[in-house]
Asks: 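Sharing a structure here in structure tokens format.
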Amino acid sequence: MKKGLAFVVSALVFLAVGLTAFAGGQTEKSTASKQLTFVFVPGVVDPFYYTMEKGARAAAAKYGVNLIVSDYPKSWGPEVQVPILQATVAQGNIDMVFLAPTSTDALVAPLKKLYDSGIEIITVDTYIGNGDYSTASDFSFPLSYIGSDNVAGGKLMAEDLAKLIGDKGQVYVNSTNPDVSSVNGRVIGFKQGAAEFPNIQVVGVDYNLDVQQKAQEETSAILQQYPHLAGVFGTNLYSAEGAYQAVVNAGLTGAVKIASWDATADLINALKQGQVDLVLAQKPADMGYLAVEWGYKHFHDKAEVPKKIGTGFELFTKDNVNDPDMAQYIYTK
Amino acid sequence: MDYLIEVRNIVKRFGGLVAVNDVSMGVGRGEVVAVLGDNGAGKSTLIKVISGVYAPEEGTILFEGKPVRIASPMDALSLGIETIYQDLALAENLNVYSNIFLGREKTRKAAGIFPVLDHEYMHREAAKVLDGLVIKIPSLRSKIKSLSGGQRQAVAISRSIYWNAKILIMDEPTAALGVAQQSQVLELVNTLKARGIGIILISHTMFDVFKVADRIVVMRRGRKVAEKIRTETTPDEIVSYIVGAEAV
Amino acid sequence: MSDRQAARPRTGRLVSFVGRRWALLFLVAEAIAFCFIARGFFTLDTFQLVFIAGVPLFLLGLAETFVIISGGIDLSVGFVFGFASVVSAKLIVALQGAGASPGLAILIGCAATLLIGMIPGYFNGVLVARLRVPPFIATYSMLSVTYGISELLVEGSQAGNLPYLSSVIGTGFIAYFIPGHGFSFFTHERVARGTPVYSIIPLVVVAAFVFVAIFVFLLRMTKFGHHTYAIGGNPDAAVRSGIDVKAHLERVYVISALLATLAGILYMLQFSQGKSDAGASYLLDSIVAVVIGGASLYGGVGTAGGTIIGALLLSVLETGLRVLGVATFNIYIIVGIILIIAVLIDQFFPEITSSESGASP
Amino acid sequence: MSTENTQTAAQVERRGWVQILARNWALAFLILLFVVFSFTGKGFLGLTNFENILYLSTTFVFLAASETFVIITGGIDLSVGFVMGLSSVLCAQVMQSVYAAHASAAATMVVGALVGLVVGIAPGYVSGILISRYNVPPFIATLGMSGITNGIALTICQGFPVAGLPGDLVRLGNGYLFYSFPGKGSRFFGWPPGVTDSQVRELTRILPNGLLLWLVVIAILLYVLKTTRFGQHTFAIGGSIEAAKRAGIDVRRHLVTIYVLSSFFAGMAGVYNVFQTGVGNFTPFNASYELFAIAAVVIGGASLMGGKGSLVGSVIGVLLLAVLNNGLSISGVAAFYRFIAVGIILVIAVVIDQLFPDLL
């Protein structure tokens, strides 16, 4: 009984504390002259978003924006990201949040709530709803979607990989997680691109759930099943790293061409050594930079922000990999 | 003599082994019958037949003169045959009165609908039983874990007598107890006897047996080899039956 | 009362008091500390955030409390959670496709899922109680099976396209307060952007606490709860006292699955999706909450209140660090240390748990 | 009496046959899987594929082997997966620094591997002390250690794979002992001269280095468990701690050694992981490597109650799960069925254990 009593008392104390805060917790809304505060919430802990953060920090320094970067979610999903988002904005006095939403549906309500309280939203890399904020809808409230066109990128990969394998043969896709809209876009784009080559056959798609060792096992199995496989498309760094390790191990380097989406230092290194043949770099740093820059322009210059901003790609091949101009596109820690 | 419970020609086999072979015995009201025997003599199997753990292959059981079927421990309990096992079968994490009422908890209706445990009632009732015993337990809200061996024995016994045990089967009640506590437990046995409860006592300790038993049954290799009135025998004689030195 | 003093000669009153309530004290201390050091922690929103974030832990922790008190463990709760989120999402979408209104579809879908969710629990119970499979293995196999089935249902993807109403419920509050407009319940009128709207008491927390209250009542006050302790304390004694231990254990595992299912449904409402591995990360945390709450993995000891305190302790820690903006990798280290300390306290002050008011009735 | 005896003899004989099957059900099941997948999966039946299965299992063989010792003592080690992650990250981090300081690839690898192995000992020592000296239940002690090791690993690498390591690493980790090419001879540790990239599909590779490593480790551990006093004591403690104490075994010290051993091999798995993938990987927090390892050990005939278990069984358990993965994958069966299959196989394992309690 005593324990129960203690619990009730502490709960009441807690409640009282909360209610006091309720009365005095909110602070005055911002005025135009004060420093802007932006919050960045990454999608998951991964070099891609880290590079994005660096871009954002560069812009924040340039425009004098106070940038708060939230804790990196440890795995991909709204159940991890939403509490981080909400706890981070609890600090108060936030002018804008830009984030990579981890779900097209689940982020709508929490972001709408922030929007209604007067905070502006930009989504980077991934989007909410169908990503089209230009026509009015339940999810069209963000200022902009800044990201690369995954379907177009997937298509690009298919075309370039086709060139490398002489427009014919069997190709295989190793992907991370069917849950993720951006990665799925790459798979869809790749299949569309491959469909334009009558002699190219996509033999399968596997999902490694972001575990490199699994990607390696899956690719090894595929190499057994299709001994004359001509190419592999890895839709992110884990897929690509696992896939090329499997090919290296099978001694099929060169015989099986590897196309990798995402340009980590390790994959670029593998490209230099000829173990990987094609690396697509998105421009995460640009995404971060543009989000801050457009946010600043929105508040400071009352500029009209485009509803969709594409950041494009860079393709690394063995011809340009040592080009010093390309080094900026490598994702770094 | 009128037996409270009587078993006749009980046979219990395990595979090829005959654990209890044609054994008959009985216990009267207010009588203590000790069952003695070496390890493997069949005494615990016999006890388990009476308490409903094992079903005998042959033989009959009479309770208050009428044949009964004891197919499960619940059957035995409902007849008033309670067993206190050597390990006492107490839940150490629960308190004294909870153990006394374990499985037969008293509930009351909270808000007229929900059956909730009636702790007050159980506490009160348990106190009544324990008050009549020699061994004192400081608080009925103490966990069994914090009690001494003798106190635990008392809880186990109170549990049985609260539920109107007519027959009490006690398996080595004094094993693993200190000397002072041993005599307290034996005193408890005498108290119960005075209340008219029939007791079957299994023990290795000749001292205990001769202190409290009225009759002594000796088993050997599954058979009953002797049945003596305590006052008409000696420890030496009983020992010789147990080890089989005296041919029957 | 004097007998209680005698029962613990080694420790003083203060040590014993602290030892018995260390989790609660720790919780209060960390909450106060965050109020001072984390700007924005001391607000109604953050306070409610702690509870929202705690919902899965409250429910899974309570599920685990029943099982652990009975002397077992349930590794499947995390994936029963995911399974429930997938099944409920699929059902709601299907019902809507069959012409049901969103409200009806959600109601029937959730009710049906609560029933379906008990199936894995029943299998766990049968394996553990009837086939005598160790709980660890039985529930691990059920983990695999429910994971596999939910992945099959969504074909490796996730279940979505839920009616907007589900998200309204999942992210809604009981009451709203708008200065100048006063209180309103469940919805609030549209106001100009930037007008402060105070949301009071999240619906998911209410739903969770209704179930928590029911099962706390079941565990604390009823015969059923009492028998759960008895079985965990001494299964033989329970059998000999005429308790149907096998049937009881089956029910314990069904309750565990039921609570996990509810948590999964609330997840589905909150995040508008069903995901097979949505609950995976809560499994160990829920066990940690139970242990911090004073339960013993050997069974027979533990309380639902303790588990709730344990869950709150974790939830406050995590939310507080997030508000602070500290990288929460360290949280694993902190939780690991707290867990070990929890057991060590129990080892050093055994009299705390063996005296009257220890962590079991 | 005589009829009774002959009956029993017949029963014994029949039971004996059933028992042999029951005792080796995992092996029987493994063989069955081989046969089935050979028909359903194109490319399953082949030397390279078998070698792949075997060497890709290396880390899990280490984890299951270490878990076997712990489970035999009646304990459990939930930290192996995260200890592996910590070792992997630290090993790679050290290699990265050393390599960046222009050390040779060989020196880098040796230093990194040593650090990874040594680091692996610490968590086991702490859990061992907690378990043996302070009576913390193994479940809790190792669960706590898994949180701590995971946190340290993540704090060190900030959630990123540790890259920038020498390329020789993966060549060694994924290499073979012996290569042969028809017409061009054969060679140890490298391709026969004259073999070009386009001809690699005909190259025969024998004995992956990973497989070689785990065969050696298992051989040593088998020797320890089967023939030494240490092994005997391990079983004795699992059978009855009290009896072991009375027999004069220093149970506390033995348990500390057991958990150190477990943690050490988890560390070895982490180091090998670096050699296999070429980067240091933290363990994803819901990867459940420890559950996988425990499942393999139980399938291999160990009892979670302690006192029972076999290393060969555990290896068979790992292979059973690995073949299931590989076979289903090659047969084009949706990956999700494998989870269901694993669950069912586990139940079979334990129910068989219940039905034939007198095995082993």
Side-chain angles (χ1 to χ4, degrees), chain A residues 42 44-50 71-75 203-204 206-229 237-238 241-242 244-256 264-270 272-275 331-333, chain D residues 41-46 48-53 55-57 59-60 150 154 157-165 167 170-171 173-176 179 191 195-201 203 205 208 210 273 276-279 281-287 322 325-332 335:
Chain A
V44 68
V45 54
D46 157 319
F48 178 83
Y49 294 107
Y50 207 85
D71 185 23
Y72 276 69
K74 283 165 209 72
S75 62
V203 295
D206 275 327
Y207 298 98
N208 60 47
L209 306 173
D210 276 329
V211 178
Q212 186 183 330
Q213 192 174 351
K214 218 168 150 169
Q216 190 173 347
E217 285 170 19
E218 286 165 351
T219 310
S220 294
I222 286 291
L223 289 172
Q224 283 306 121
Q225 201 180 351
Y226 300 99
H228 295 284
L229 196 74
L237 69 149
Y238 295 111
E241 300 220 10
Y244 96 75
Q245 291 296 358
V247 171
V248 168
N249 169 55
L252 295 170
T253 303
V256 179
T264 59
D266 195 53
L267 282 163
I268 294 297
N269 209 16
K272 285 178 183 166
Q273 296 179 8
Q275 292 164 332
Y331 309 169
T332 49
K333 188 170 163 182
Chain D
K42 192 158 68 79
F44 177 82
L45 192 67
T48 320
N49 192 44
F50 294 160
E51 284 183 336
N52 276 346
I53 293 172
Y55 104 92
L56 285 171
S57 307
T59 49
F60 286 115
N150 187 26
L154 284 169
C157 71
Q158 290 295 306
F160 301 116
V162 183
L165 311 180
V170 282
R171 268 191 281 283
N174 294 318
Y176 291 76
Y179 297 83
W191 293 5
V195 178
T196 60
D197 274 359
S198 57
Q199 293 170 314
V200 290
R201 290 190 208 272
L203 188 69
R205 289 164 285 243
N273 179 267
Q276 191 190 323
T277 60
V279 286
N281 298 287
F282 62 93
T283 300
F285 72 100
N286 52 1
N325 270 346
N326 176 278
L328 287 178
S329 187
I330 285 189
S331 308

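So you know, we letter chains A, B, ... as the sequences are listed, proteins then strands, and number each from 1.
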Asks: Let me know if D:Asn49 has heavy atoms under 4.5 Å from chain A in its side chain, its backbone, both or neither.
Replies: both

Asks: Give the C-alpha distance, both sets of side-chain angles, the deciding distance and a yes or no for side chain to side chain contact (heavy atoms under 4.5 Å, CB included) between D:Gln276 and D:Val170.
Replies: CA-CA 5 Å; D:Gln276 191 190 323; D:Val170 282; over 6 Å; no

Asks: Distance only, no hydrogens: is a donor on one side chain within 3.5 Å (strictly under) of an acceptor on the other, for D:Asn273 and D:Asn281?
Replies: yes

Asks: Where on D:Glu51 is there a heavy atom nearer than 4.5 Å to chain A: the side chain, the backbone, both, or neither?
Replies: neither

Asks: For the candidates A:Leu237, A:Asp266, A:Ile222, which exhibits the highest count of non-hydrogen atom pairs separated by less than 4.5 Å from chain D?
Replies: A:Asp266

Asks: Which region of A:Glu241, side chain (C-beta onward) or backbone (N, CA, C, O), has a non-hydrogen atom less than 4.5 Å from a non-hydrogen atom of chain D, or is it both or neither?
Replies: side chain

Asks: Would A:Tyr72 and A:Asp46 count as having a side-chain donor-acceptor pair, cut-off 3.5 Å?
Replies: no

Asks: Assess whether side chain to side chain contact (heavy atoms under 4.5 Å, CB included) is satisfied between A:Gln225 and A:Val203, documenting all intermediate values.
Replies: CA-CA 10 Å; A:Gln225 201 180 351; A:Val203 295; over 6 Å; no

Asks: Against chain A, label D:Tyr55 side chain, backbone, both or neither, depending on which of its atoms sit under 4.5 Å from a heavy atom there.
Replies: side chain

Asks: Side chain, backbone, both or neither: which part of A:Tyr238 has a non-hydrogen atom closer than 4.5 Å to chain D?
Replies: side chain

Asks: At a 4.5 Å cut-off on heavy atoms, which part of A:Ala221 comes close to chain D: side chain, backbone, both, or neither?
Replies: both

Asks: Fit a plane to each ring of A:Tyr331 and A:Phe48, take the angle between them on a 0 to 90° scale, and name the class: parallel (under 30°), tilted (30 to 60°) or perpendicular (over 60°).
Replies: perpendicular

Asks: Between the side chain of D:Arg171 and the main-chain N/O of A:Val248, is any donor-acceptor distance below 3.5 Å?
Replies: no

Asks: Examine whether an atom of D:Phe44 lies under 4.5 Å from a heavy atom of chain A, and if so say whether it belongs to the side chain, the backbone or both; otherwise answer neither.
Replies: neither

